[in-house]
Amino acid sequence: MTDATLKDTAVRRRIGLPAIPLSVALAVGWIVAMLVIAALAEKIAPYGFTQLDLRNRLSAPGNVAHWLGTDELGRDVLSRLLVSIRISLLIAFGATAISAIVGTTLGFLAAHFRGAVEQLVLMLSDFQASMPFLIMALAVLAFFGNSLPLLIGLMGFFGWERYARIARGLAISANAQGYAAAVRQLGATPSRVYLRHILPNIASTLIVSTTLVFPEVILMESGLSFLGLGVQPPMTSLGNMVGYGREYLTRAPWIMLAPATTIVVTTLAVSVIGDWLRDRLDPTLQ
């Protein structure tokens, strides 16, 4: 280890900065870039994502007018990719938030009431875990039709049982400790005990669980859109672009490669951040 490295480590320890591995820094940079793109997609896109350019159909990447090429209808792949990132992240963030809220709430209810309520929550969790979510999603979308709010709400029921089990176990453990009992004896309501005192103490574990569910939601949405049951045209998403590009895999592979690469790198980045957070927040690994 060089003197410069030792000095940098000493400075980080002095000011309290965690040593972030290069892979984690790159993953964080990628996620930040995706969020910026999602926020500014329509402003930075060179064309409208439905705009046609029939003179440049299936144009290869490297074209001055179309950096990532065009599809069969002459639509700019880069513009569609930027808008697709926004839609896919919107679905992923919305569904993950719904899953976390529903699961944590049910976990707290099970820990508070115990008895029949706890058994009901555990039974629903077992049912959710045993039921292939993709089959259930296909059935719901085929019966009720496709819309973005319905898709986000449906994806929100993916992975809630993990939050419920984690929240229940940690809440029961917290209730057995002194601080929760002390606050309760001071006259605090159950909602205040769980939201103001127990939730902040178990938030780190729930955040790590979120980083595990988030990439799975992206892959699930991509799979549904690939099968034609997710985001519907003219709206576009990463999975929708992959499903459309499969028909031109031999003639114009860039149509599918751009969104597929984005899906892989984004899910990998979130997983890397999740693994790092788990190691940082686990007291047994300190």
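Residues take their numbers from the sequence shown, with the count starting at 1. Computed from a predicted model, the values in this text were never measured in an experiment.
- The shortest heavy-atom contact between Ala171 and Ala111 is CB-CB, 3.5 Å.
- Within the structure, every pair that satisfies the ring pair (Phe, Tyr, Trp, His ring centres under 6.0 Å) test and touches residues 196-219, not counting sequence neighbours, is listed here: Phe93-Phe214.
- Taking Tyr194 as the reference, Phe108, His112 meet the ring-ring contact (aromatic ring centres under 6.0 Å, His included) condition, with sequence neighbours excluded.
- Taking hydrophobic clusters as Ile, Leu, Val, Met, Phe, Trp and Tyr residues chained together by side-chain heavy-atom distances below 4.5 Å, Val264 does not share a cluster with Ile273.
- A 4.5 Å side-chain heavy-atom check between Arg75 and Asp53 finds every atom pair outside the cut-off.
- Hydrophobic clustering, with ILVMFWY side chains joined whenever heavy atoms are under 4.5 angstrom apart, keeps Leu212 apart from Ile98.
- Arg251 contributes atom CZ, which lies 6.0 Å from atom OH of Tyr248 (distance to the nearest 0.5 angstrom).
- Note: the hydrophobic cluster containing Val117 also contains Leu170 (ILVMFWY, side chain heavy atoms under 4.5 Å, direct or indirect links).
- Partners of Phe113 according to the ring-ring contact (aromatic ring centres under 6.0 Å, His included) rule, which considers only residues two or more places apart in sequence or in another chain, do not exist here.
- Hydrophobic clustering places Leu90 together with Met241 (ILVMFWY residues linked when any side-chain heavy atoms are closer than 4.5 Å, directly or through intermediates).
- Heavy atoms only, all atoms of each residue included: Ile255 and Gly245 are closest at CG2-CA, 3.7 Å.
- Looking only at atom types and distance, the side chain of Ser84 has a donor-acceptor partner in the side chain of Thr236 under 3.5 Å away.
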Test salt bridge (Lys or Arg N to Asp or Glu O under 4.0 Å) on Glu161 and Arg168; report intermediate values, then the result. CA-CA 10 Å; Glu161 75 280 357; Arg168 168 188 167 273; over 6 Å; no
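- Residues Pro200 and Leu195 approach most closely at CD-O, 3.6 Å, considering heavy atoms.
- How far CE of Met235 is from CZ of Arg80: 10.5 Å, rounded to the nearest 0.5 Å.
- No chain of hydrophobic side-chain contacts below 4.5 Å, direct or via other Ile, Leu, Val, Met, Phe, Trp or Tyr residues, connects Leu257 to Met34.
- Applying the ring-ring contact (aromatic ring centres under 6.0 Å, His included) test to Tyr47 and every residue at least two apart in sequence or in another chain returns His66.
- Judged purely by distance below 3.5 Å, without hydrogens or angles, the side chains of Asn240 and Ser237 never pair a donor atom with an acceptor atom.
- Residues Leu22 make up the rest of the hydrophobic cluster containing Leu26, defined by ILVMFWY side-chain heavy atoms closer than 4.5 Å, directly or through other members.
- You'll find the side chain of Tyr244 reaches within 4.5 Å of the side chain of Glu72, heavy atoms only.
- Using modelled atom types, one finds no donor on one side chain facing an acceptor on the other under 3.5 Å when comparing Tyr163 with Thr105.
- Contacts of Phe157 classified as ring-ring contact (aromatic ring centres under 6.0 Å, His included), with partners at least two apart in sequence or in another chain: none.
- Side chains of Leu81 and Pro259 form a contact here, defined as non-hydrogen atoms less than 4.5 Å apart.
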